[in-house]
Asks: 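I have a structure here, written as structure tokens, and I will follow up with some questions on it.
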Protein chains: 2
Amino acid sequence: MAERGRPRNFDRAQALDRALMAFWQNGFAATSMNDLVEAMGINSPSIYAAFGSKEALFAEAVQHYHTAYADDLPAALKSAPDAAGGIEAMLEAAVELFTRANRPHGCFVVNSVASNAPNGIEIEQTLKELRQGRSKQIAERLTEDVRGGRLRDDTPVQELSDLYAAILQGLAQGARDGLAKERLLTIPRHSRALISPWMADKNSR
Amino acid sequence: MAERGRPRNFDRAQALDRALMAFWQNGFAATSMNDLVEAMGINSPSIYAAFGSKEALFAEAVQHYHTAYADDLPAALKSAPDAAGGIEAMLEAAVELFTRANRPHGCFVVNSVASNAPNGIEIEQTLKELRQGRSKQIAERLTEDVRGGRLRDDTPVQELSDLYAAILQGLAQGARDGLAKERLLTIPRHSRALISPWMADKNSR
DNA sequence: ATATTTCTGTGCTGATTGACACATAAATAG
DNA sequence: CTATTTATGTGTCAATCAGCACAGAAATAT
């Protein structure tokens with residue numbers, strides 16, 4: 001089935017990525033349609049025809065970020081043989097993601113917390129779930145190690161997961177505030193100490 | 001020397017506190033002058049006469065928050081006999097501050113990250129310094145313990161301070177996202193494990 | 001070639017924004 | 001009392017916001 005009508009004059013995926021960069025840097029509210037027109041290189045009627053509304057464009061940008069940028073984190077979490085290594089790798093991947101050159105610093109999902117839309121209930125809910133989803137992923141990784149006998153049976157999985165998730169969010173804030181990558185990278189290293197009291201081969205609590 | 005002219009019809013300090021609540025909840029950009037008029041209970045010309053501009057009002061709200069609300073944190077940091085206890089107390093005080101009922105959740109200074117003003121360079125700089133100031137305060141507390149012999153000489157003070165500061169920011173985000181206080185309070189407890197490898201009476205690293 | 005469909009660029013719209021002009025009210029100074 | 005000073009409330013300003021109407025342009029279908 002061939003396409004009918006005048007073909008689109010721009011690359012939709014590229015335009016979406018540029019919109020993401022604009023939102024990532026300035027947040028939803030502070031990014032005006034004018035800013036988007038400049039960043040995406042197309043006029044506003046084309047934006048509305050292709051994406052629906054500013055809010056729908058933002059929602060697509062969130063999905064795009066999640067699949068194209070933040071995908072390294074769960075991958076790193078599963079990369080190492082044990083949870084301690086996986087979490088450290090995930091935190092390192094996060095620092096890498098949050099401090100890449102020629103790209104806004106910090107985590108897009110975390111940066112978008114305070115930049116709520118006027119009708120922001122829907123997308124706000126999605127963002128909140130994305131943030132809290134990290135804690136669940138970490139909890140699953142820890143549970144694996146408990147089941148595998150590498151962590152003690154009485155390991156407080158949810159509490160440790162919340163703590164690691166908090167560190168992750170702190171890394172995002174620090175990166176956005178301009179902390180140097182080398183300085184941020186010391187954090188994953190020291191975070192290892194949180195889990196060692198719960199290693200199965202230790203008897204000290 | 002008596003006052004001249006018609007006296008003010010509202011309590012300036014109370015109006016400032018109400019403005020802080022509005023900014024705390026919705027951020028700078030998303031809080032309109034109309035919102036401020038409602039929250040403060042006075043009309044906009046009176047706001048401008050008393051505070052200058054929306055930006056100046058926000059700057060005063062930042063100072064007010066810092067002195068009237070966030071003052072518990074450095075106090076708690078110095079309360080305990082050792083750094084480990086002081087930091088744990090500070091994190092607990094932070095959770096308390098971030099999850100009080102009848103008040104916006106989260107840290108006002110952290111919430112204000114993404115809500116930058118159009119001419120936000122000045123106040124943004126102040127906010128950034130407030131955030132990074134916590135790390136320095138923690139570092140001072142740790143250094144005290146190193147000097148006092150309670151922590152090893154090779155304790156990585158700055159790295160640990162950055163890590164604790166990251167946890168602090170993570171707590172703020174979690175509180176804003178609606179995590180329950182009891183759940184957040186487990187984080188200060190487990191954070192103790194970060195410092196124990198550097199206690200002087202241990203020989204394991 | 002003609003009709004149909006879809007995209008593009010110009011330019012507008014009603015609503016909302018931060019900020020203030022103006023006249024009036026309420027206090028003190030003399 | 002009158003003059004002066006400062007605060008209040010009504011109403012309004014230009015600027016900006018998100019969104020879209022409209023006409024022309026560029027493709028396919030028949």
Asks: For B/Pro45 and B/Gly5, take the nucleotide of DNA chain D holding the closest heavy atom to each; which residue's nucleotide lies nearer the 5' end?
Replies: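 The residue whose closest nucleotide sits nearer the 5' end is B/Gly5.
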
Asks: Separation of A/Asp35 atom CG from D/dC17 atom P, in whole Å?
Replies: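 Answer to the nearest Å: 7 Å.
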
Asks: Send over the distance from A/Arg4 CZ to C/dT5 P, rounded to a whole Å.
Replies: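 Atom CZ in A/Arg4 sits about 6 Å away from atom P in C/dT5.
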
Asks: Could you check how far CE of A/Met33 sits from P of C/dG14, rounded to whole Å?
Replies: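 Taking atom P of C/dG14 as the reference, CE of A/Met33 is at 19 Å.
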
Asks: Whole angstroms only, please: what is the NZ-P distance between A/Lys54 and D/dG19?
Replies: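 A/Lys54 atom NZ is separated from D/dG19 atom P by 8 Å.
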
Asks: Where the side chain of A/Ser32 is defined as all heavy atoms beyond and including C-beta, which of C/dA29, D/dA18, D/dA29 is the nearest nucleotide?
Replies: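 Nearest nucleotide to the side chain: D/dA18.
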
Asks: Starting at OH of A/Tyr48 and ending at P of D/dG19, how long is that distance when rounded to a whole Å?
Replies: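 In whole Å, D/dG19 P and A/Tyr48 OH are 3 Å from each other.
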
Asks: Testing the 3.5 Å rule here: is there a donor-acceptor pair between the side chains of A/Ser32 and A/Asp35?
Replies: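 Looking only at side-chain atoms, A/Asp35 and A/Ser32 do form a donor-acceptor pair, the distance falling under 3.5 Å.
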
Asks: Measure CE/A/Met40 against P/C/dC7 and give the value in whole Å, please.
Replies: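 So the two atoms are 14 Å apart, to the nearest Å.
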
Asks: Roughly how many Å is it from CG in A/Asn26 to P in D/dC17, rounded to a whole number?
Replies: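 Nearest whole value for this atom pair: 12 Å.
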
Asks: Taking the six-membered ring for Trp, are B/Phe58 and B/Phe51 ring centroids under 6.0 Å apart?
Replies: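 No, the ring centres sit 6.0 Å or more apart.
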
Asks: Can you check whether B/Gly106's main-chain N or O pairs, donor with acceptor, with B/Trp24's side chain at less than 3.5 Å?
Replies: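 A pair under 3.5 Å: yes.
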
Asks: Who passes side chain to side chain donor-acceptor pair (under 3.5 Å) against A/Lys136, sequence neighbours left out?
Replies: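 A/Lys136: no side chain to side chain donor-acceptor pair (under 3.5 Å) contacts found.
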
Asks: Taking the side chain of B/Asn34 as heavy atoms from C-beta outward, which of C/dT17, D/dA29, D/dC20 is closest to it?
Replies: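 Between C/dT17, D/dA29, D/dC20, the one nearest the side chain of B/Asn34 would be C/dT17.
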
Asks: Quick one: is C/dG9 close enough that its OP1 or OP2 comes under 4.0 Å of any side-chain N or O from A/Asn43?
Replies: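 For C/dG9, OP1 or OP2 has a side-chain N or O of A/Asn43 closer than 4.0 Å.
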
Asks: Between A/Ser46 and C/dT8, is there a contact of a side-chain N or O with OP1 or OP2 at under 4.0 Å?
Replies: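 For A/Ser46, the contact criterion (side-chain N or O under 4.0 Å from OP1 or OP2 of C/dT8) is met.
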
Asks: List the steps and the verdict of salt bridge (charged side-chain N to carboxylate O under 4.0 Å, His left out) for B/Arg141 and B/Glu144.
Replies: CA-CA 5 Å; B/Arg141 191 62 173 90; B/Glu144 271 181 41; 3.6 Å; yes

Asks: Return the 5'-most residue of the pair B/Ala49, A/Gly52 with respect to DNA chain D, ranking by each residue's nearest nucleotide.
Replies: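 First, find each residue's nearest nucleotide; the 5'-ward one identifies B/Ala49.
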
Asks: Rounding to a whole Å, what distance do you find between A/Ile42:CD1 and C/dT10:C1'?
Replies: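 Distance check: A/Ile42 CD1 to C/dT10 C1' gives 16 Å.
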
Asks: Which parts of residues 6-17 of chain B get close to DNA chain D, meaning a heavy atom less than 4.0 angstrom away?
Replies: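 When residues 6-17 of chain B is checked for heavy atoms under 4.0 Å from DNA chain D, the hits, listed by number, are B/Arg6, B/Pro7, B/Arg8, B/Asn9, B/Phe10.
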
Asks: Once you measure the plane-to-plane angle for A/Phe28 and A/Phe23, does it fall in the parallel (<30°), tilted (30-60°) or perpendicular (>60°) bin?
Replies: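 Ring orientation, 0 to 90° scale: parallel.
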
Asks: For the CG atom of A/Asn111 and the CD atom of A/Gln173, what is their distance to the nearest 0.5 Å?
Replies: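 The distance works out to 7.0 Å.
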
